[in-house]
Amino acid sequence: MGHPVVLSSRVGEYREVLYPHFGVPARLAGAAGIELRPLDAEDVAAYLRRDAGAGGYAADRWGPVAAQLGTATPLGEALRTPLMLFLARAIYNPRPGESPHGLPNPGELCDTSRFSTRVAVERHLFSAFIAAANRSHPRYPCPWTPQQAQRTFVFLARYLHRVHNATPDLAWWKLRRAVRRSIPAMVTQAMCLFLSVVFTAIGFIIAPDADNGILALIVGPILGVFAGIVLAVPGWLAFDEEPRRPASGMRWAPNWPGAALAVATTVLLVAPARLPLASAATVGLGVCIAFGLGVTSADTAVAVGPVALWSRDRRVFWTLTLGVAASAGLGPWILLVLSGADAAGQAAVLAGALWLGLTIAFTRTAWGSFSAAKFHLASRHRIPRNLMAFLADAHQHRGVLRQVGAVYQFRHIDLQRHLARAGDDG
């Protein structure tokens, strides 16, 4: 009670509720009805001429178009909605601080041989809008060419239609669904092959005689396959079936598997390795802390914006990575230093701890899988490398996207559908 309500209804159905043939009429106290009406031709002409240029130049440019407004011609039928008027104004009018010279002439819309139907006019406006929004501007220079922007928006529109059933919500943390599951497998195979060659070569360098060379041919590929699979674990975890929500912060989340692993580590160090109990317990405690670090998921329904959510999740990713690496690797590294181990052993322990931190961060945040998918798509020239900056610019300065909470959306669903169809055609 006491909360304002916006009711959307067709006029006929609403009138039947107010004045039913049978029963008691339903009235909304204090309600104001707002009904969308067709645009007036004079208002439309004034809107288009408002920022078309100085003096009579504006009237000359829009004069032929103004003569067809409100008529049954293809152009007159197309310029009846606010969306089409916005597109026409963005394409043919200069933005603040931009010279009108060199812009296309809106009179071309009156060519009935080129635009014989309303749909043809609308398709032209949709097609020309992306290039117009990303043209060079003295105040807001665009780092991307119109061709790059067109290619990116077409890909994103097709991705929303094919992967997410034409939803308008472009959520950056779900972009990994645009990358096929075969990508991690291909990366794993490449890493296994590369490391097998490396380990085999190292074996020949260390022991060049014939007997040890044969052993290197056997052991090298085995070690390479094993190391490649271990190093590829974060990639597989990042591309699991269901994208995870972005993280908003760190939290302590003790778990029994982590505690059991810590106890097992302590026992193995005390018994076979014969380390002092205090030293082994230090290592076990570090492992327990490493696996007990967790994250809190962000509430995307109340997020302040996509960029802020992305930045926060990235910060949690690296904080978790370093926290796990320090917890799991600091104890063993200190033991190696005190025992006089060589620098190679110390570096191996620190590298392993850092890799463990990356693996856990990949499984508990969204930034890792997003970055992996973005890198793959950018390498294939589907999207820019700095995708978040591109999306923010398209929202703030180009008018192509709008921001709805934690996600971006195309300015209008019809623009998204047009770009998706353009992708199908290409």
Side-chain angles (χ1 to χ4, degrees), residues 172-173 176 184 227 229-240 242-269 275 278-300 303-304 307-339 341 343-375 388 406:
W172 62 264
W173 60 92
R176 56 142 298 273
I229 293 175
V230 171
L231 295 178
V233 166
W236 283 98
L237 296 175
F239 289 87
D240 57 1
E242 194 63 29
R244 62 193 56 83
R245 286 190 301 169
S248 60
M250 300 279 295
R251 67 183 180 92
W252 173 246
N255 56 82
W256 287 109
L261 182 61
V263 173
T265 302
T266 303
V267 172
L268 291 175
L269 291 176
L275 288 179
S279 300
T282 301
V283 177
L285 179 62
V287 173
C288 183
I289 294 175
F291 282 88
L293 294 175
V295 300
T296 55
S297 297
D299 187 355
T300 56
V304 295
V307 175
L309 199 64
W310 169 83
S311 178
R312 191 183 309 159
D313 186 79
R314 180 183 60 176
R315 184 168 59 250
V316 172
F317 177 92
W318 288 114
T319 302
L320 184 61
T321 298
L322 297 178
V324 170
S327 301
L330 190 58
W333 178 76
I334 293 176
L335 292 179
L336 289 177
V337 172
L338 294 178
S339 62
Q346 299 176 28
V349 168
L350 294 178
L354 181 60
W355 193 258
L356 176 63
L358 287 171
T359 302
I360 293 179
F362 261 96
T363 62
R364 299 180 183 176
T365 63
W367 184 81
S369 58
F370 165 76
S371 299
K374 182 189 68 172
F375 178 81
M388 295 305 296

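Owing to the predicted nature of the structure, the values given are computational and were not obtained by experimental measurement.
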field: Flag, side chain of Ser369 to backbone of Ala366, donor-acceptor distance under 3.5 Å
entry: yes
message: Using side-chain heavy atoms (C-beta onward) and a distance below 4.5 Å, is Phe317 in contact with Leu322?
response: no
- request: Specify the closest pair of heavy atoms between Leu293 and Ser327, including all atoms of both residues, with the distance to one decimal.
  value: CD1-OG, 4.4 Å
query: Mind checking whether Leu320 and Val295 have side chains closer than 4.5 Å, heavy atoms only?
result: yes
message: Could you check whether any side-chain N or O of Thr365 sits under 3.5 Å from a backbone N or O of Asp313, counting only pairs where one atom can act as donor and the other as acceptor?
response: no
task: Could you tell me whether the side chain of Ser311 and the main chain of Ala308 form a donor-acceptor pair under 3.5 Å?
output: no
statement: The reported gap from OG1 in Thr300 to CH2 in Trp173 (rounded to nearest 0.5 angstrom) is 5.0 Å
query: Do the side chain of Arg176 and the main chain of Phe370 share a donor and acceptor less than 3.5 angstrom apart?
result: no
message: If I compare all heavy atoms of Arg244 with all of Thr363, which pair ends up nearest, and what's the gap?
response: NE-O, 3.0 Å
- request: Work out which heavy atom in Pro246 is nearest to a heavy atom in Leu309; give both atom names and the distance.
  value: CG-CD2, 3.7 Å
statement: Between Ala325 and Leu354 the two heavy atoms that sit nearest each other are CB-CA, 3.8 Å
message: Let me confirm one number: the OG1-CZ distance from Thr296 to Arg245, rounded to the nearest 0.5 Å.
response: 10.0 Å
query: Going by heavy atoms in the side chains, are Trp367 and Val316 under 4.5 Å from each other?
result: no
field: Smallest separation among heavy atoms of Trp318 and Leu358, with atom names
entry: CZ3-CD2, 4.0 Å
